[in-house]
Amino acid sequence: MRYLSTRGEAATADFQDVLAAGLARDGGLFAPASYPTIRPEEIRALPGCSYASAAERLIAPFVGEAIPGPELSSMITRSYASFRHPAVAPIVQVDDNLFVLELFHGPTLAFKDLAMQMLGPLMERALRAKGERACVVGATSGDTGAAAIEAFRGLDRVDVFILYPHERVSDIQRRQMTCVEAPNVHTIAIEGTFDDCQAIVKGLFNHHAFRDELKLCGVNSINWARVMLQTVYYFTSAAALGAPDRPVSFAVPTGNFGDVLAGWIARRMGLPIERLIVATNENDILVRAIETGRYEVRAVQPTQSPSMDIQVSSNFERLLFEACERDASSVRALMGNLAQNKRFDIGAGPLARIRAEFDAYRTDENETRAEIARTWRESGYLLDPHSAVAIHAARKALAHRPRTPVIALATAHPAKFPEAVEQAAGVRPQLPPHLADLRGRRERYDVLPNDQGEVERYIRARAHRAGASA
Ligand SMILES: *Cc1c(COP(=O)(O)O)cnc(C)c1O
C-alpha cells in the first residue's frame, strides 16, 4: 500500500515510512492511496474470531508487503495479550438500543492503548530492520502520553519525550506518565495548554534539520498506524450486534478526531454504519464546524473530560481531504487560512458530504454530570466523563432515530477521573489492582516554558543519538 499526503506536495510513502514519520514533510497527514473492501460475509464471520485475528484481517491490507503475515500475526497477538478482558473491547447494553463499547481494558485504562500497544512493537521492528534509533515525541492531553510511555518504556531503540499541559491533566493521568522508572522515558510539563504542546510538537517536526538529526517519530493520533488500528473495534462491535445485516450508529467522544475518523474509514471499508456521531464537550469546534461550515479556533476551556480539551482537531484534515474528493490544493488552501486567520470555511460541496455521514452534539459540564448520575441510577453503570459525553450524544441521536442501535465508545475507565465521577454519581470508582499503588510511587518530570527552542535543547541534551548504542 502507498500513502499520500493530504497536502499533495510530499513524495508518496510506504507503510514503514508512514509509521516512522507521523506528519508528511509538507505538513500534511498521510492517507492510504485506496481503501480495501471487507466483504459482508467476512464481517459476518467476525463474531467467531478473537480480537487479534479480526485485527490481523482488517489491517493486513494497509500494512501490505511491509511485514510478513505470520510475523504480523504474532505481533498482534502479543500486543493484545496485555488487555485484562478476553474480548479486548467488550460491549455492554445500558438502555434500549444503547450500547457501551469498553475500550479501557488496556494497561493505562484508556482507549489509546488499543493502538499504542501495537505501535511500540511496530516501530521497534522498523528501527531494528534499519539499524537505527529514534525519538518518539508526542503532545498529550493526558491519555496519549501514558499510553505511549507504557508502550515504549524499556524499548532499546526509542527514546520517548512526552509534552503535557502543566496542571491541566488529572492526578492519575499525570502519575501514569511520571511514575515510570525507565531511562528512555522523559516527561515534560509545558506551561501552556494542550494546543500549545501540540503546536510545539508540530514545530519540531517542521524544523527539518532537527527532525532529521534526532530522528523524530510521531505517535499522536495523526500517526496513520493509530487510526488504522482503531478501525478494528468498529468492525468487531458492529458485527457483535448483527452487522452487516443490521446497521448501527456510533457515538464517539472526540478531541483530535482520530477515533471517529477510524469509524469513517471502517464505513469506507464496507461496514454499514448509519451515522457517525461526533460528541464533544464544551470545546466544540467540530460541532460548530459541522453545524455552520466554519471551522474556527477559540480559547480552550478546561473541562471534566480533559482528553477532549482541544481546539485544533488535527485529524479533521484527513476528513477534509476526502470531503474535497482528494483535492490536495483545496486542503492546502484551507490549512493556509487556518494558520493565518485561525479559521476557514468548508465549501458547500465538502460540507454536504460531511453532513451526509456525521451528526455532532456538544455536551456541557452540567449535562456531563447529569449523564454520569442518570446512567448510574438507571443502569447501574459507571461512566467516566468522556464516555458520558458520548452517551449523552447517543441519547440525542436515538431521539431522532430510535430504531438504529447506537454504540457509544467508552474511552476511559471511570477510575481515571475519580473526583468528577464521585461528584456526579456519589460513588468513588476504584483503580484496578495493577494500578492501586500509583499514589505512593515517586514522580519524575520537568517543567518547561511554552517555547519550542527550550524543548529542542532539552531533547538534544537527553536523546541517545542514532548509532550511539547497540
Ligand atoms: C484521546 C481521548 C479522546 C479523544 O480521542 P481523539 O482520537 O483525539 O478524538 C477521548 N476520550 C479519551 C479518554 C481519550 O483519551
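Each ligand, and each atom within it, is numbered from 1 in the order the structure gives.
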Check: Any idea which atoms of ligand 1 are less than 4.0 Å away from a heavy-atom of Thr254?
Finding: 9 (O)
Item checked: Atom indices of ligand 1, in the order listed, that fall short of 4.0 Å to a heavy atom of Ala412 -> 13 (C)
Notebook entry, point to check: Are the aromatic rings of His386 and Phe417 close, with centres under 6.0 Å apart?
Noted result: yes
Checklist line | Backbone or side-chain N or O of Gly255 under 3.5 Å from ligand 1 N or O | finding: yes
Checklist line | Counterpart residues, ring pair (Phe, Tyr, Trp, His ring centres under 6.0 Å), relative to Phe104 (two or more places apart) | finding: His413
Next item on the list: With heavy atoms of Pro253 as the reference, note each atom of ligand 1 found under 4.0 Å away.
Entry: 4 (C), 10 (C)
Next item on the list: Classify the angle between the aromatic ring planes of Phe250 and Tyr234 as parallel (below 30°), tilted (30 to 60°) or perpendicular (above 60°).
Entry: perpendicular
Margin query: Test your reading of the structure: does Gln230 have an N or O sitting under 3.5 Å from an N or O of ligand 1?
Written below: no
Notebook entry, point to check: Using 30° and 60° as the class limits, which term best fits the ring planes of His186 and Tyr458: parallel, tilted or perpendicular?
Noted result: perpendicular
Item checked: Ion pair check, Asp284 and Arg362, cut-off under 4.0 Å -> yes
Margin query: What protein heavy atom lies closest to atom 12 (C) of ligand 1? Include the residue and the distance to one decimal.
Written below: Thr411 OG1, 3.3 Å
Note to self: Out of all atoms in ligand 1, which are within 4.0 Å of some heavy atom of Ser307? Include the element for each.
What the structure shows: 2 (C), 12 (C), 14 (C), 15 (O)
Check: Would you call Glu322 and Arg326 a salt bridge, taking side-chain N to carboxylate O under 4.0 Å as the test?
Finding: yes
Item checked: Shortest protein contact, atom 14 (C) of ligand 1 (heavy atom only) -> Lys112 NZ, 2.8 Å
Next item on the list: For the pair Asp95 and Arg395, find out whether any cationic side-chain nitrogen is under 4.0 Å from an anionic carboxylate oxygen.
Entry: yes
Notebook entry, point to check: For atom 8 (O) of ligand 1, what is the nearest protein heavy atom, given as residue, atom name and distance?
Noted result: Asn256 N, 2.7 Å
Note to self: When you compare ligand 1 with Asp143, is there at least one nitrogen or oxygen pair between them that comes in under 3.5 angstrom?
What the structure shows: yes
Margin query: Using a plain distance cutoff, I'd like to know if Phe257 has any nitrogen or oxygen under 3.5 Å from a nitrogen or oxygen of ligand 1.
Written below: yes
Margin query: Does the residue Phe111 have a heavy-atom contact with ligand 1, meaning some pair of atoms that are separated by less than 4.0 Å?
Written below: yes
Notebook entry, point to check: Which residue holds the protein heavy atom closest to atom 7 (O) of ligand 1, what is that atom called, and what is the gap in Å?
Noted result: Asp259 N, 3.0 Å
Check: Gly258 to ligand 1: N or O pair under 3.5 Å?
Finding: yes
Notebook entry, point to check: Do Val252 and Trp264 touch side chain to side chain, with heavy atoms closer than 4.5 Å?
Noted result: no
Next item on the list: Please check if the distance between the ring centroids of Phe62 and Trp224 is under 6.0 Å.
Entry: yes
